[in-house]
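In what follows, a single structure is set out as structure tokens and then discussed.
All values below come from the heavy atoms of this structure, side chains included, with hydrogens, waters and symmetry mates left out.
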Amino acid sequence: MARYQVLNNISHKDLRVITRRGADLGDAVGGCAVYPTEFNELQKYYPILFQKNENSGWLTIVLFGFNANENLFLTDHNWRVPYVPAVIEREPFVIGMQEHMSGSIEPVVNVDLDSPRISINGDGEALFLRHGGNSPFLEHITTVLSVLHEGVAEAERMLVEFERLNLIEKITIEAAFSNGTSYKNTNYATLSKERLLALPDDEIVKLHRSGLLRYAYLIIGSITNIQRMVDIKNSEFEK
């Protein structure tokens, strides 16, 4: 169970974080939630899809594999492609909201002290410099957390418009692998290119000016990355 504390350079001055990749560190997952603020990088490597959440409607996700705990992008100690989704990259940190005595509320960085990424033997990346200040690693984590923090509101804005325009459509993902097995899943959705192209000109202009049209095409284009995943899985069979 997570044990979060607000990160500070006094209590956590000697804290280090293990940055290698591995199943023992929580990376053996079949996908994760993603946000529009990272779509530009995500679409290069992963299929960006929609998944229905019973409580909050649609979520945007990426797939890493074809089974619940299958991560085809995970090698022995590394990630196979240059961009790791922010939800994975930010571990063991999250954004929290802290209220001050004045009544103001501001975002703060929380760290999970029970995470397997927390180092207890001096290995890993330091969070603070020896003579004070944030380390380059912590600066990087702060940027990743900003991607998530800003991405939540952007995702809400995007989904409201895509649903209003009825652009989200369920799809069937099917794949045949070189070892004779196959995969079929009807639980995901994408954006309908046909419905998008059929929108009235004024709606297209609104989407363009709001920045949402770009997101739409990044999502649509990313679907070809499913074949990339099939190729990776087939290459594993051939080893």
Side-chain angles (χ1 to χ4, degrees), residues 20-23 25-53 58-89 144 147-148 151 154-155 158-159 162-163 165-199 207 211-239:
R20 69 171 175 83
R21 295 292 157 190
L25 295 169
D27 291 328
V29 290
C32 72
V34 294
Y35 298 91
T37 41
E38 54 180 337
F39 279 3
N40 190 59
E41 292 301 318
L42 292 168
Q43 59 86 29
K44 299 175 184 177
Y45 312 108
Y46 313 97
I48 304 171
L49 301 167
F50 297 94
Q51 185 175 40
K52 198 71 170 180
N53 183 303
W58 292 106
L59 297 172
T60 46
I61 66 159
V62 291
L63 292 183
F64 301 148
F66 298 98
N67 301 308
N69 297 315
E70 179 182 52
N71 187 343
L72 296 170
F73 296 92
L74 181 64
T75 62
D76 289 339
H77 297 298
N78 295 297
W79 206 266
R80 194 182 294 273
V81 296
Y83 186 78
V84 180
V87 164
I88 303 294
E89 181 76 356
V144 173
V147 168
L148 291 173
E154 189 72 344
M158 178 189 73
L159 289 167
F162 287 171
E163 287 192 88
L165 296 170
N166 193 32
L167 295 178
I168 301 175
E169 68 172 359
K170 296 291 290 289
I171 58 170
T172 298
I173 299 176
E174 295 184 89
F177 305 115
S178 58
N179 71 339
T181 61
S182 61
Y183 172 87
K184 182 175 182 179
N185 195 309
T186 60
N187 295 325
Y188 301 114
T190 187
L191 282 189
S192 170
K193 187 175 182 179
E194 291 74 19
R195 295 179 194 173
L196 180 64
L197 293 174
L199 288 176
L207 285 175
L212 298 179
L213 186 61
R214 180 169 172 272
Y215 296 155
Y217 278 110
L218 289 174
I219 292 168
I220 292 168
S222 75
I223 203 74
T224 59
N225 288 321
I226 292 174
Q227 184 58 51
R228 175 197 293 264
M229 292 168 54
V230 172
D231 293 341
I232 294 173
K233 192 172 178 73
N234 283 338
S235 69
E236 294 294 320
F237 289 136
E238 296 165 5
K239 287 182 179 179

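Aromatic pair Tyr215/Phe162: centroids not less than 6.0 angstrom apart.
Proximity of Val87 to Tyr35: side-chain heavy atoms (C-beta onward) are separated by under 4.5 Å at one or more points. Put simply, the side chain of Tyr188 reaches to within 4.5 Å of the side chain of Ile61, judged on heavy atoms. Within the 4.5 Å cutoff, the side chain of Ile88 has heavy atoms near those of the Trp79 side chain.
In this structure, Tyr217 has no ring pair (Phe, Tyr, Trp, His ring centres under 6.0 Å) partners at least two apart in sequence or on a different chain. Partners of Tyr83 under the ring pair (Phe, Tyr, Trp, His ring centres under 6.0 Å) rule, at least two apart in sequence or in another chain, do not exist in this structure.
For Arg80 against Leu72, the heavy-atom pair with the smallest separation is NE-O, 2.9 Å. The minimum heavy-atom distance linking Ser222 with Ile48 is given by the pair OG-N, 2.9 Å. Of all heavy-atom pairs spanning Val230 and Ala175, the tightest one is CG2-CB, 3.7 Å. Residues Gln43 and Asn225 come closest through the heavy atom pair O-ND2, 2.9 Å. Nearest heavy-atom pair, Pro85 versus Val62, reported as atom, atom and distance to 0.1 Å: CG-CG2, 4.1 Å. Across all their heavy atoms, Thr37 and Gly151 have their closest contact at OG1-CA, 3.4 Å.
In this structure, the side chain of Arg21 does not engage the main chain of Asp27 through any donor-acceptor pair within 3.5 Å. Between the Glu38 side chain and the Ala86 main chain, a donor and an acceptor come within less than 3.5 Å of each other. At least one donor-acceptor pair closer than 3.5 Å links the side chain of Arg228 to the backbone N or O of Lys44.
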TODO: Could you check Leu159 against Leu59 for side chain to side chain contact (heavy atoms under 4.5 Å, CB included), going step by step and ending with a plain yes or no?
DONE: CA-CA 8 Å; Leu159 289 167; Leu59 297 172; 5.9 Å; no
Open item on the list: Does Lys184 form a side chain to side chain contact (heavy atoms under 4.5 Å, CB included) with Thr172? I'd like the steps, not just the answer.
Closed with: CA-CA 7 Å; Lys184 182 175 182 179; Thr172 298; 3.8 Å; yes
- [ ] Take Met158 and Phe39, measure what side chain to side chain contact (heavy atoms under 4.5 Å, CB included) needs, and give me the verdict at the end.
- [x] CA-CA 12 Å; Met158 178 189 73; Phe39 279 3; 3.7 Å; yes
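Phe73 and Phe64 have perpendicular rings, their planes meeting at more than 60° on a 0 to 90° scale where under 30° would count as parallel.
Distance CZ/Phe50 to CH2/Trp58: 8.5 Å, rounded to 0.5 Å. Taken to the nearest 0.5 Å, the CG atom of Leu49 stands 10.0 Å off from the CG atom of Leu191. Atom CD of Glu169 and atom OG1 of Thr190 lie 7.5 Å apart (nearest 0.5 Å). Distance check, rounded to the nearest 0.5 Å: OG of Ser178 to CG of Asp231 gives 9.5 Å. The line from CG of Leu199 to CD of Glu194 is 12.0 Å long, rounded to the nearest 0.5 Å. Distance check, rounded to the nearest 0.5 Å: CD1 of Ile171 to CG of Asn187 gives 10.5 Å.
Just one of Leu165, Ile168, Leu167 meets the side-chain contact (heavy atoms from CB on, under 4.5 Å) condition when paired with Arg195; it is Leu167.
For the salt bridge (charged side-chain N to carboxylate O under 4.0 Å, His left out) condition, the pairs that include at least one residue of residues 65-75, sequence neighbours left out, are Glu70-Lys233.
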